Amino acid sequence: MATELPKAYDPKAAQEKWLPLWEECGYFHSKPNSEKKPFTIVIPPPNVTGALHMGHALNNTLQDVLIRWKRMQGFNALWVPGTDHAGIATQSVVERLVCSQEKKTRHDLGREELVRRIWEWKEKYETRILGQLRQMGASCDWQRTRFTLDATCARAVRETFFRMFRDGYIYRGKRLVNWDTQLQTSVADDETDTVPTKSGFWTFKYAVDGDSDTFISFSTTRPETMLGDTAVCVHPGDARYKHLIGKTVTQPHTGRKIPIIADGQLADPKLGTGCVKVTPAHDPNDYACWQRHPEIGIINILNPDGTINAAGGEYEGFDRTRAREAVTKRMEELGLYVGKEDREVPLKISDRSKTPIEPLLSDQWFVRMADRDDGKPGLAQMAIDAVTSDKVKFFPERYRDGYIAWLAEKRDWCISRQLWWGHRIAVWSRTFTDRKTYEDTLALEAGGWSSVSHVAWTTQDETMAIHVCLGHDDPDMIAALQADGFTQSEDVLDTWFSSALWPHSTLGWPGPSIPEKNADRTAPDWATMRSYYPTSVLCTSRDIITLWVARMVLTGLYNLGEVPFHHVYIHPKVMDGFGEGMSKTKGNGVDPLDVIEIYGADALRFGMVNLATETQDSRMPVVNICPHCGAQVPVKQEHMYMRTKKLACPACKKNFRPGGPWPTDDPELPTARQGSDRFEVGRNFSNKIWNATRFILGNLEGYTPAPVILSELPTEDRWLLSRLATTTKSVTAALEGYHFAEVARLVYDFVWPEFCDWYIEMSKGRLKDPAARPTAQRVLTGVLDGILRLVQPVMPFVSESLWHALAEVAPVRGLPNPTSAEESVVIANWPSYPDAWMDSGVEKRFARMQDLVRSVREVRNRYQVEDKTRLDVAVKCSDVVAADFNALGAFIGPLAGIANFAAGPNAIKPKQAGGIVRPEFEAYVSLAGLIDVAAEIKRLEKQIAEKRKALEGVNAKLANEKFTASAPADVVQQQRELVEDLKKQIAAMEENMQDLKLA
RNA sequence: GGGCGUUUAACUCAGCGGUUAGAGUGCCUCCCUUACAAGGAGGAAGUCGGGGGUUCAAAUCCCUCAACGCCCACCA
């Protein structure tokens, strides 16, 4: 006899039991295996900035569902876990911490010390993150855990950079970048935020040289940039200024003579005065103008810390605000100030430091995206082609357009960051002013450098520079370079550069490190690469399709000539109950560990799968669970914005601190865990499966395995097996199409209402009948076996617990032929049943029976409650029953349950379907058939009439020559097919009706 | 300004041309029945955002308006 199962499912016990066992058994570890088809997913590596949140829970649950499902299907399933160093994000978090705790800047600490602190931070959060993943039940191959900054990834980064450098894809350029003056680094467009800010809109004028009476006025939101003006620009077609084009003005602060130029793209006659000052070094539009008119020159007036540099003359050292005031004041003094209006202007803010961005001209490394000079597709085009040719497919498909549109701009990718946390760029540079030395040094390239390095040079302005890129650290080479006055770049690479390589870097590309200078560094670790690359699917959220997905495709194609994954599945975003994105700072976020603690990991996973619909967003209202009494206290919007630090529980009146990141005033106040009622479904569902199993186990005494022959089974068995086969097929199809919410729905609808509420209840009678018992036992265990398999990918813990409990009593089971069950459901086969089991006739008959039973129950319920006469009740019944109530009554008499109905109020208690014993059931089925005939005929008549009308309509249309002549051929054809279809439908219905009448 | 998405029961969401629009939660009634009160049997609750159109037939397709959310671009 089986060990008695506890009355309720205890998720915590299951998690504690199975997690270590699964790992011990090595179920999650994958080795290259030529016998099995591979199925590979690489995790979108979470940033080590902080702990995982709900978005990660969703992302990783879905991946795990896929991996677990494919593992059951017999694939060699590999899920590679890992984390991302997240350059700027992590560095700024640690910098902020150092600043608040020690009042020190990164410069006070120095590069080495800061990096050491960040590694400490990383260790802490990496452990936390991987722990969270484990708790969720993520079946990752932990032995293959990677970090974007570890040695394996570093090798791939180094190799890729070297190749791109060698092939001319990486170049050095002066570009206007978003400069974060606080962190003193350039940041990508995507790392900035534009917020409307109250500021001014100033209008000034410059005197035109040689004519003291003529002024040209212009407006600006940033007066301080006047110090860097190199031109004044008007529209070429603007009659007001035509005569001034080609003249010069004198910039009053610097005394520079600057030209008045015409540029149709920059100046808009309708805006402001129609005339605009040009500051190429500090404004993207002006920069573009300068590229069209290089003769006007470009002057950088800012230091990296945001203060004015020497080019600003007497204003050198002023910060932004002071410079603005001083420059404006000077204009007033000169009488060149025209006016100022208050205006809200969009201010670009750095995501990381939350300080204003300065557009700044600086030297950066770029990856060229444009097509190649020889006309061959460049990196961007290659990535576009991969998608247009369907080598990479998006799910849902709509996301592909955004991907293509973004890449089509082919904007070069700025990959250098002035940070300390990241992959340091392996380029050694030296600048020269002396042409001879420059050329001599350049000649060294011929002396053998190129075998291990590649050299590029730039000649901008008067300085010339040589840049030497090393494919790996060669001490001799580095020593030689240093002796020659070369220094390594201080910059590190953009985080996305290493993330872009993730699908192949994690798999070991480009092979073991190279011991010898001239070793073949192009030989990858082929055993692993060949087994798992390209990966199968990438699961991520839509906001990093461009930043990450596009770049993975691009580097995959560049390094390996093969796309990194075949499918890209984009899942929805988790919002709070008010439609806002979740974040720690808002306090509307939910920690997955809180959810696991309150509802269990299975419930978390079910909830996540259940909300993964086809839409973009899904709401998840958040509640605080009162730490005193467990009541659910909804998070209100004002709690978030007011930063409520104390809440009174409406149930127990005691105070607690809502879950959230802000500090408490009262350390004694207990903190609430945060949850969401959206996880209750999963919790209840796992408990339901638990108890269904408990029931079955308690009724398996004398169980013997034997094949089940469909044709010999009673109606309800054939119905159940039809439903099981249909459900299994649909679940498989839903998984194949990444319709996760549907998976949850299908499984739930089969297990709960159909299996538990109807079948199990009906089996109760049969289990008491020695003749019927053995078959009922076989069907129950066989279907339960199938359910546990279907449920495993979504709810592995409860599934595994029950799998083992079932194995104690019924190790040999299954439909139609019993077999020995696998040792764990994790590695069990994914179920599939014969199509022949799907029987719409049985399902229809059963549905009618259900209708009837429900109608009778309604009558009983009402009668009992309202204590009215039988007739009154009948009137209130559903049409089906009411119409035939008298006939029903005649049948009801002999039936035990219904006989009591006539005896008066409260004579019987409402019963479940299980209240129906076998003979009753048969009676119900035949009764349902009889009663339904009239209604069914009526319904059919109505439908046939409707179809006839439709047919008439379509025929009329086809008879109309105007229509057939004007409509496209395919539309006409479609209508013709519709006619045939309708005719067939009508014929089928008429036949159906004949059958009914005969019955 | 361009694009994408959403708007269906009190709440969270399914349904996406064809019987009477569904589920879970919540609400109401009854029931602690030997699997499960994290449960069971029932019930009430919807002009499918507004307005046009296409169609024999529209929650579903088209146009338009509105609200909300996200992305991209721009704003001297």
Side-chain angles (χ1 to χ4, degrees), chain A residues 5 7-9 189-190 194 201-203 218-222 225 233 266-268 271-279 283-286 343 345-346 398-399 401-402 405-406 409 542-543 545-546 572-573 575 577-581 599 603 610-611 613-621 676-678 680-681 683-699 741-742 745 748-749 753 756-757 760-761 764 853-854 857-862 864-866 879 906 909-915 939-940 942-943 946-957 978 982 985:
Chain A
L5 289 179
K7 200 169 171 182
Y9 171 52
D189 285 343
D190 324 278
T194 308
F201 185 67
W202 289 264
T203 304
F218 55 90
S219 300
T220 179
T221 55
R222 292 157 69 213
T225 61
C233 173
L266 184 65
D268 180 346
L271 272 179
T273 62
C275 169
V276 60
K277 66 191 213 51
V278 187
T279 322
D283 182 280
N285 294 312
D286 296 1
R343 183 184 277 202
V345 298
R398 72 180 110 94
Y399 290 107
D401 292 345
W406 186 80
E409 290 181 32
R542 74 187 111 96
D543 39 5
I545 292 176
T546 51
K573 291 189 85 165
M575 315 297 264
F578 311 100
E580 294 193 37
Y599 308 93
N610 204 22
L611 63 69
T613 59
E614 304 291 294
T615 53
Q616 298 204 112
D617 306 323
S618 235
R619 289 184 186 206
M620 204 178 82
S676 171
D677 58 9
R678 296 201 71 170
E680 286 177 14
V681 196
R683 182 197 53 187
N684 296 352
F685 186 40
S686 47
N687 192 50
K688 188 72 184 177
I689 300 176
W690 178 270
N691 275 293
T693 307
R694 223 158 70 88
F695 169 79
I696 295 170
L697 292 179
N699 284 286
E742 206 184 336
R745 210 201 74 232
Y748 187 93
D749 286 350
C756 292
D757 290 348
I760 287 190
E761 292 306 334
K764 285 176 178 171
V853 169
R854 273 192 276 258
R857 283 174 184 163
E858 186 185 344
V859 173
R860 290 201 297 219
N861 249 338
R862 280 183 189 283
Q864 194 175 331
V865 175
E866 297 173 11
D879 290 345
N906 302 316
K909 290 172 177 175
K911 290 200 171 177
Q912 304 166 200
R939 205 164 18 196
L940 272 173
K942 197 177 144 201
Q943 268 183 46
E946 255 173 41
K947 296 279 173 194
R948 286 232 168 93
K949 202 175 140 202
L951 185 62
E952 240 172 75
V954 180
N955 272 331
K957 190 154 59 176
L978 185 60
L982 284 168
Q985 285 181 33

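Since the model is a prediction, treat every value here as computed from it, not as a measurement. Proteins get letters first, then strands, A, B, ... in listed order; numbering begins at 1 in each.
In this model, the phosphate group of B/A37 is approached by a side-chain N or O of A/Lys7 to a distance below 4.0 Å at OP1 or OP2. Taking side-chain N and O atoms only, A/Thr615 has no distance below 4.0 Å to OP1 or OP2 of B/U7. Between B/A35 and A/Lys764, a contact under 4.0 Å exists linking OP1 or OP2 to a side-chain N or O. Between A/Lys573 and B/G5 there is no side-chain N or O to OP1 or OP2 distance below 4.0 Å. Regarding contacts with the backbone of B/G39, a side-chain N or O of A/Asn684 is found under 4.0 angstrom from either OP1 or OP2.
At a threshold of 4.0 angstrom between heavy atoms, the contacts of A/Arg678 are confined to the sugar-phosphate backbone, with no base atom among them. Residue-level contact check: A/Asn687 touches the bases, meaning some heavy atom is under 4.0 Å from a base atom. Counting any heavy atom pair closer than 4.0 Å across all strands shown, A/Tyr399 reaches no nucleic acid atom. Nucleic acid contact for A/Thr279: none, since no nucleic acid atom lies under 4.0 Å from a heavy atom of the residue. Residue-level contact check: A/Cys233 touches neither bases nor backbone, having no heavy atom under 4.0 Å from any strand. Nucleic acid contact class of A/Met575 (heavy atoms, under 4.0 Å, all strands): sugar-phosphate only.
Using a 4.5 Å heavy-atom threshold, the side chains of A/Phe695 and A/Ile760 count as touching.
In this view, A/Arg542 and A/Asp617 satisfy the salt bridge (Lys or Arg N to Asp or Glu O under 4.0 Å) rule, not counting sequence neighbours. Evaluation of the salt bridge (Lys or Arg N to Asp or Glu O under 4.0 Å) rule for A/Arg398 yields no partner, not counting sequence neighbours.
Rounding to the nearest 0.5 Å places CH2 of A/Trp406 at 16.0 Å from CG of A/Asp401.
Here the P atom of nucleotide B/C13 and the CZ atom of A/Arg619 are 6 Å apart, to the nearest Å. One interatomic measurement links the two molecules: CZ of A/Arg542 to C1' of B/C72, which rounds to 13 Å at whole-angstrom precision. Residue A/Lys947 contributes atom NZ, which lies 9 Å from atom C1' of B/U19 at whole-angstrom precision. The interatomic distance linking A/Glu680 (CD) with B/G26 (P) rounds to 7 Å, in whole Å. Between the C1' atom of B/G22 and the CD atom of A/Glu742 lies a distance of 14 Å, rounded to the nearest Å. Nucleotide B/U6 holds its C1' atom 10 Å from the CZ atom of A/Arg398, rounded to whole Å. Rounded to whole Å, atom P of B/C36 lies 14 Å from atom CD1 of A/Ile696. One atom, CG of A/Asn691, and another, P of B/A35, lie 10 Å apart when rounded to the nearest Å.
Proximity note for A/Tyr748 (side chain, C-beta onward) versus B/U25, B/A35, B/G24: the nearest is B/G24.
Taking the P atom of each, B/A73 and B/G2 are spaced 16 Å apart, rounded to whole Å. For the C1' atoms, the distance linking B/U25 with B/A38 amounts to 13 Å, nearest Å.
Comparing A/Asp749 and A/Ala950 by the nucleotide of RNA chain B whose heavy atom lies nearest to each, the residue mapping closer to the 5' end is A/Asp749.
A salt bridge links A/Lys573 with A/Asp543: the closest approach of a Lys/Arg side-chain nitrogen to an acidic carboxylate oxygen falls below 4.0 angstrom.
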Dump every N/O contact between nucleotides 53-55 of chain B and the protein below 3.5 Å, one line per pair.
residue, atom, partner, partner atom, Å
B/U55, O3', A/Lys957, NZ, 3.3

